[in-house]
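Report on the structure given below.
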Amino acid sequence: QVQLVESGGGLVQAGGSLTLSCAASGRTGITYAMGWFRQAPGKEREFVAAVRWIGGTTFYADSVKGRFTISRDTAKNTVYLQMNSLKPEDTAVYYCAVKKSIYGLITLDYDYWGQGTQVTVSS
């Protein structure tokens, strides 16, 4: 089992920035990637960004490209999401997740999920 704990969410004005963190513990070996997802009220959970654990290749949803940056610290088993130029439509619960397999990195097909952290962007 892998446990994930997100932190860093909060309330911010449009145009502001937030950095989310997600620390993984437990059986974290053979992690292929970690990702961030979000779910707004009344909407389905969607992919935001992902990073391959080995090599650090990153992937982004078009809606956040150029504004969000995902990074990882392999020594700390932690993934980060730096969010800049935030918009009201970025308001959602943000989840991090761990993927053990190599397929479907930008889908919801991840193996372990955190509890989520609320991000609210006011206009």
Side-chain angles (χ1 to χ4, degrees):
Q1 291 289 332
V2 175
Q3 293 78 44
L4 300 169
V5 179
E6 300 104 334
S7 61
L11 174 64
V12 64
Q13 289 188 333
S17 299
L18 278 176
T19 300
L20 305 182
S21 301
C22 174
S25 61
R27 303 182 71 174
T28 57
I30 315 179
T31 292
Y32 176 68
M34 289 188 71
W36 285 98
F37 299 78
R38 66 187 181 187
Q39 188 166 16
K43 295 189 176 181
E44 295 185 349
R45 191 171 299 188
E46 64 177 4
F47 168 79
V48 174
V51 58
R52 287 195 179 123
W53 209 242
I54 304 300
T57 305
T58 57
F59 304 84
Y60 296 94
D62 288 343
S63 59
V64 306
K65 213 172 279 185
R67 300 188 297 124
F68 291 10
T69 302
I70 188 171
S71 61
R72 88 272 191 256
D73 184 329
T74 56
K76 295 181 179 180
N77 285 327
T78 299
V79 65
Y80 305 94
L81 186 68
Q82 173 68 44
M83 305 185 293
N84 298 325
S85 303
L86 282 161
K87 305 174 181 180
E89 51 263 44
D90 294 317
T91 295
V93 177
Y94 283 71
Y95 299 89
C96 72
V98 164
K99 187 163 187 58
K100 297 287 190 178
S101 59
I102 66 172
Y103 300 110
L105 190 142
I106 62 171
T107 71
L108 298 180
D109 187 21
Y110 278 59
D111 300 283
Y112 300 96
W113 293 82
Q115 293 299 307
T117 185
Q118 177 71 46
V119 171
T120 302
V121 184
S122 62
S123 57

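Throughout, numbering of the chain's residues begins at 1 and tracks the sequence.
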Between F59 and F47, is the gap from one ring center to the other below 6.0 Å?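 For F59 and F47, the ring centres are not under 6.0 Å apart.
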What about the rings of F68 and W36, do their centers lie closer together than 6.0 Å?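 Aromatic pair excluded; centres sit 6.0 Å or further apart.
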Between K65 and D62, does at least one N-O distance fall below 4.0 Å, as a salt bridge requires?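 D62 and K65: salt-bridged.
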Without swapping roles, check the side chain of [X] against the backbone of [Y] for a donor-acceptor pair under 3.5 Å.
{"X": "K99", "Y": "D109", "answer": "yes"}
{"X": "E6", "Y": "C96", "answer": "yes"}
{"X": "R67", "Y": "S85", "answer": "yes"}
{"X": "R45", "Y": "F37", "answer": "no"}

Co-membership, hydrophobic cluster, residues [X] and [Y], 4.5 Å side-chain:
{"X": "V64", "Y": "Y95", "value": "no"}
{"X": "V2", "Y": "V51", "value": "yes"}
{"X": "V93", "Y": "V121", "value": "no"}

Do T78 and R72 come within less than 4.5 Å of each other through their side chains, counting heavy atoms only?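 No - every pair of side-chain heavy atoms lies 4.5 Å or more apart.
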Answer with yes or no whether the side chains of S122 and Q13 bring together a donor and an acceptor at under 3.5 Å.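 No.
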Of the non-hydrogen atoms in [X] and [Y], which two are nearest, and what is the gap between them?
{"X": "L4", "Y": "M34", "answer": "CD2-CE, 4.0 Å"}
{"X": "S63", "Y": "R38", "answer": "OG-NH2, 3.4 Å"}
{"X": "Y110", "Y": "G35", "answer": "CE2-N, 3.7 Å"}
{"X": "S123", "Y": "A14", "answer": "CA-CB, 4.4 Å"}

Just wondering, are more than 12 heavy atoms of other shown residues or ligands nearer than 6.0 Å to CD in Q3?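 It does: Q3 CD has more than 12 such atoms within range.
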Any chance CG of L108 has more than 12 other-residue heavy atoms, nucleotides or ligands included, within less than 6.0 Å?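 Buried by this count: over 12 neighbours within 6.0 Å.
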How far does OH of Y80 sit from OG1 of T69, to the nearest 0.5 angstrom?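 Result: 14.0 Å between the selected atoms.
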Rounded at 0.5 Å granularity, tell me how far OG1 in T58 sits from CZ in R52.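 Reported value, rounded in 0.5 Å steps: 10.0 Å.
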Check [options] against [X] for a side-chain contact (heavy atoms from CB on, under 4.5 Å) and give me the one that passes.
{"X": "Y32", "options": "V98, I54, D111, L105", "result": "L105"}
{"X": "V119", "options": "T91, L20, D90", "result": "L20"}
{"X": "Q82", "options": "L18, I70, T19", "result": "T19"}

